[in-house]
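For clarity, every value in this text was computed on a predicted model and none was experimentally measured.
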Amino acid sequence: MTHFNAENKLSNSKVVMTSLIAGAVAGALAKTTIAPLDRTKINFQVAKKRYSTKAAFKFVIKSYQQEGFFALWRGNSATMARIMPYAAVQFTSHEQWKRILHVDTGVAKKYEKQRRFLAGSLAGITSQSLTYPLDLARARMAVTQKQTYNSISEVFAKTWRTEGPLALYRGYTPTILGVIPYAGVSFFTYGTLQNWILEKKVFMAYSKGSA
């Protein structure tokens, strides 16, 4: 069966540009949509409160009543400053790792599935490593009072001054250990299903044409 890969029609520079733009837009839309849920999750992660669905609803309602509707999106600007470069780097680096490892190119068939998983994991490590301080800033802005931090740069400045530069990467190791299987499985599943669907369409089109 002929292996189909639409990316072969684009130059590498065009793949990089389209991946950067598409990744940034996709990340921004996804995170903005779930921002209230994300803020609720972070609140229970850092507060000494036991999670329950009832408590989560109470947190959302209390935030709305005390701070207004847009308080549910508090910290979302910091999230955008983090998720847009994160998603852009992740999707772009994934395409580049696929190219380096010859994933889905038809060049090397041996260990194709393993290389597909590895490309996803490396993309997750790359994007997480480059944007981790932004994630820390987003988390702190989401769960603190507005007057504590007025901007991302203020989070960086206060953290650097009071806790030291290494504090910007606090929790990095367990995060990376979680990213490796998460990104690997995500991109592996995406790539496997994508190829299966595309190849099935090509096969069906070929079958109809030869009928």
Side-chain angles (χ1 to χ4, degrees), residues 6-7 10 12-46 60 69-101 103-104 116-144 149 151-156 159 168-195 197:
E7 289 162 8
L10 298 175
N12 190 53
S13 60
K14 288 183 179 179
V15 170
V16 169
M17 288 304 299
T18 54
S19 297
L20 283 171
I21 295 171
V25 173
L29 289 175
K31 276 296 185 179
T32 299
T33 302
I34 66 167
L37 296 176
D38 200 31
R39 183 171 185 245
T40 303
K41 176 200 72 174
I42 293 173
N43 175 72
F44 282 95
Q45 285 178 332
V46 301
V60 172
F69 177 74
F70 290 105
L72 299 176
W73 276 264
R74 171 154 166 69
N76 194 52
S77 59
T79 299
M80 291 300 100
R82 182 256 174 182
I83 198 61
M84 292 182 72
Y86 175 84
V89 171
Q90 185 179 52
F91 279 93
T92 304
S93 62
H94 180 242
E95 297 302 330
Q96 296 310 302
W97 283 118
K98 282 172 60 181
R99 182 175 64 85
I100 292 170
L101 297 172
V103 178
D104 298 331
R116 186 179 296 157
F117 177 88
L118 181 59
S121 295
L122 289 171
I125 293 172
T126 302
S127 54
Q128 191 70 59
S129 298
L130 292 176
T131 62
Y132 189 82
L134 292 171
D135 191 29
L136 181 139
R138 183 268 310 186
R140 292 197 176 192
M141 289 188 71
V143 299
T144 57
Y149 299 116
S151 64
I152 295 177
S153 59
E154 189 172 347
V155 177
F156 290 154
T159 302
L168 295 174
Y169 276 86
R170 180 174 295 157
Y172 172 79
T173 299
T175 299
I176 288 297
L177 291 177
V179 163
I180 291 173
Y182 175 80
V185 171
S186 295
F187 280 112
F188 172 83
T189 304
Y190 169 77
T192 300
L193 291 176
Q194 182 187 49
N195 286 339
I197 292 171

Completion exercise
Sorted by chain and number, sequence neighbours left out, salt bridge (Lys or Arg N to Asp or Glu O under 4.0 Å) with R170 holds for E163

Completion exercise
To the nearest 0.5 Å, atom CE of M84 lies from atom CG of L29 at 9.0 Å

Exercise for the section: Check G23 against A87 and note the closest heavy-atom contact, atom names and distance. Expected result: O-CB, 3.0 Å

Donor-acceptor list for residues 176-193 side chains, cut-off 3.5 Å, not counting sequence neighbours:
residue, atom, partner, partner atom, Å
S186, OG, Y182, O, 2.8
T189, OG1, V185, O, 2.7
Y190, OH, Q194, NE2, 3.3
T192, OG1, R116, NH1, 2.7
T192, OG1, F188, O, 2.7

Practice task
Provide the closest heavy-atom pair for Q90 versus G124 in the form atom of the first, atom of the second, distance.
Solution key: NE2-CA, 4.1 Å

Fill in the blank from the handout: Distance col, row I100:CD1 vs L122:CG, nearest 0.5 angstrom, shows 8.5 Å

Fill in the blank from the handout: Between W97 and A123 the two heavy atoms that sit nearest each other are CD1-N, 3.7 Å

Completion exercise
Heavy atoms of A137 and F156 approach each other most closely as CB-CE2, 3.9 Å

Problem - Distance in Å, S19 OG paired with Q96 CD, rounded so as to fall on 0.5 Å steps - result: 7.5 Å

Handout entry: Min side-chain heavy-atom separation E95-V16 under 4.5 Å
Key = no

Practice task
Grab the two heavy atoms, one from P85 and one from L134, that are nearest each other, plus how far apart they are.
Solution key: CG-CD1, 4.1 Å

Practice task
Only counting residues at least two apart or in another chain, list the ones meeting side-chain contact (heavy atoms from CB on, under 4.5 Å) with Y169.
Solution key: Y132, P133, Y172

Practice task
Would you mind listing every salt bridge (charged side-chain N to carboxylate O under 4.0 Å, His left out) that reaches into residues 23-34, with sequence neighbours excluded?
Solution key: K31-D38

Handout entry: Sequence-distant partners of D135, side-chain contact (heavy atoms from CB on, under 4.5 Å), two or more places apart
Key = R82, Q128, R138

Completion exercise
S153 meets the side chain to side chain donor-acceptor pair (under 3.5 Å) criterion, sequence neighbours left out, with S151

Problem - Closest contact, heavy atoms only, A88 versus L20 - result: CB-O, 3.4 Å

